[in-house]
Amino acid sequence: MWWFQQGLCALPAGLVVWSTATFISADITAVLLRHVDPLVPYISDTGTMPPERCVFGLMLNISSFLGALTVYVRYKQVQALAEPEDSRLRRLNAAGLGLGSLSSFGMCIVANFQKTVIVSMHMVGAVVTFGLGALYIFVQTAASHRMQPRVHGKGVFWARLAVGLWTFVSMLSMLVSSVIMYSSLPGVDLAKKLHWIPGETGYTAHLISTISEWSVAFSFISFFLTYIRDFQKIDLRVKAVLQNDHLYDSTHSSVRVHHTEASPLLAGSI
């Protein structure tokens, strides 16, 4: 059996691969069509002009769905592993579910409100995705700290902490460089500025800001790689049970099929 066939590890692995393909395919298309500059454009700029805008939005919506599923499965796993008396871990787990779900919804907002269409909604989506996503990473890291060494070793905790620090530094760099860029170009509609000339005012700050944005995106995606080994231990099964000997009920003239969750994951144990 291949590693990606074990348990549900294909879920976080698929999220990482699909999200990476979303960003890279949009970037390559936008550069080839000369819609953006080839040197590290903003991720949002690569999904601004058609046809890449349509593909970017569609693929990012799927990433949002995969992200929500991954967050929920992780929540159920930690819920099953938490000791009944460990209320702090359970609170961290509940907070992680909320933050991760909102972060996934933020990706959906970014996918459907492009930067040059409704800038305010696009920025709200970006803040929700990356801001709450960073908090989700630190909450899960704290949960991992409480779960060692009973559930996993210290290496998992340190790996997640390293990714969290990577995300924090990248976000801080993006915030500072963006403020400098906007303050150095007053009156310029930077949301619609897709081409930059090396040496012009604000170019250096713009370059640092774009590199930081890509760094934030990939640090956030990389965090889910740490879930692969955990998800290999999860098996999901669904059992369908007919409540009637006949397919059609004589009273209601409809099919009644009862789905019973026989999964240890959904039942709250692994």
Side-chain angles (χ1 to χ4, degrees), residues 12-71 100-134 136 167 170-171 173-175 177-179 181-182 185 188-197 202-203 205-224:
L15 171 61
V16 173
V17 172
W18 185 266
S19 300
T20 302
T22 299
F23 299 146
I24 293 179
S25 61
D27 179 68
I28 292 175
T29 304
V31 169
L32 290 178
L33 295 177
R34 298 182 180 180
H35 292 160
V36 296
D37 298 324
L39 184 59
V40 199
Y42 279 115
I43 296 176
S44 301
D45 290 348
T46 64
T48 297
M49 303 292 291
E52 63 268 19
R53 178 173 67 185
C54 305
V55 177
F56 179 80
L58 175 63
M59 295 184 69
L60 198 59
N61 275 319
I62 296 176
S63 291
S64 175
F65 177 71
L66 292 175
L69 282 180
T70 303
V71 165
S101 300
L102 289 173
S103 179
S104 298
F105 180 67
M107 281 195 288
C108 188
I109 297 177
V110 172
N112 293 280
F113 293 91
Q114 274 77 22
K115 187 176 178 181
T116 56
V117 180
I118 305 180
V119 180
S120 58
M121 284 300 299
H122 182 87
M123 295 303 295
V124 167
V127 170
V128 170
T129 300
F130 292 136
L132 298 186
Y136 173 78
T167 303
S170 299
M171 288 188 65
S173 174
M174 182 175 65
L175 177 63
S177 57
S178 296
V179 170
M181 179 182 63
Y182 274 87
L185 293 170
V188 178
D189 189 358
L190 295 176
K192 296 182 179 180
K193 185 176 175 58
L194 301 180
H195 297 280
W196 291 77
I197 301 174
Y203 177 78
H206 161 77
L207 192 60
I208 296 174
S209 178
T210 54
I211 293 175
S212 299
E213 185 190 45
W214 280 89
S215 181
V216 170
F218 279 106
S219 65
F220 184 54
I221 293 172
S222 298
F223 178 79
F224 293 100

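Along the sequence shown, residues are numbered consecutively beginning with 1. Bear in mind that the values here come from a model prediction, so they are computed numbers and not experimental data.
Residues Ala134 and Met171 share a closest heavy-atom pair of CB-SD, 3.6 Å. Heavy atoms only, all atoms of each residue included: Val216 and Ser170 are closest at CG2-CB, 3.3 Å. The shortest heavy-atom contact between Gly106 and Val128 is CA-CG1, 3.9 Å. Contact record, Thr167 with Ser219: OG1-OG, 2.9 Å, taken as the closest heavy-atom pair. Heavy-atom minimum distance, Thr20 versus Ile221: OG1-CG2, 4.1 Å. Heavy atoms only, all atoms of each residue included: Leu33 and Pro51 are closest at CD1-CD, 3.6 Å.
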Side chain to side chain contact (heavy atoms under 4.5 Å, CB included), that's the test. Do Phe56 and Thr22 meet it? Break it down for me.
CA-CA 6 Å; Phe56 179 80; Thr22 299; 4.0 Å; yes

Could you go through the side chain to side chain contact (heavy atoms under 4.5 Å, CB included) check for Asp45 and His35 one step at a time?
CA-CA 8 Å; Asp45 290 348; His35 292 160; over 6 Å; no

Given the rule in the side chain to side chain contact (heavy atoms under 4.5 Å, CB included) test, do Ile208 and Ser173 qualify, once you have shown the distances and angles that lead to the verdict?
CA-CA 8 Å; Ile208 296 174; Ser173 174; 3.7 Å; yes

Between Met59 and Ser25, is a side chain to side chain contact (heavy atoms under 4.5 Å, CB included) present by the stated rule, with each step listed?
CA-CA 10 Å; Met59 295 184 69; Ser25 61; 3.9 Å; yes

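Side-chain contact, Ser19 with Ser63: a donor N or O sits under 3.5 Å from an acceptor N or O. Between the side chains of Ser209 and Ser178, a donor-acceptor pair is found at a separation under 3.5 Å. Checked by atom type, the side-chain pair Ser44/His122 shows a donor-acceptor distance below 3.5 Å.
For the atom pair Thr29 OG1 and Ile24 CD1, the distance stands at 11.5 Å (nearest 0.5 Å). Rounded to the nearest 0.5 Å, atoms OG1 (Thr210) and OH (Tyr42) are 6.0 Å apart. Taken to the nearest 0.5 Å, the CD atom of Glu213 stands 11.0 Å off from the CZ atom of Phe218. If you take CD on Glu52 and CG on Leu32, they are separated by 10.0 Å, rounding to the nearest 0.5 Å. The distance from the CG atom of Asp37 to the OH atom of Tyr203 is 7.0 Å, given to the nearest 0.5 Å. Atom CG of Leu132 is separated from atom CZ of Phe105 by 12.0 Å, given to the nearest 0.5 angstrom.
Residues Leu194 and Pro41 are not in side-chain contact: their nearest non-hydrogen atoms beyond the backbone lie 4.5 Å or more apart. Between Phe23 and Leu60 the shortest side-chain heavy-atom distance falls below 4.5 Å. Here the side chains of Val36 and His195 are not in contact, with every heavy-atom distance at 4.5 Å or above.
In this structure a side-chain-to-backbone donor-acceptor pair under 3.5 Å is missing from Ser64 to Met107.
Crowding of Phe65 atom CZ: a count of heavy atoms from other residues, nucleotides or ligands under 6.0 Å not exceeding 12.
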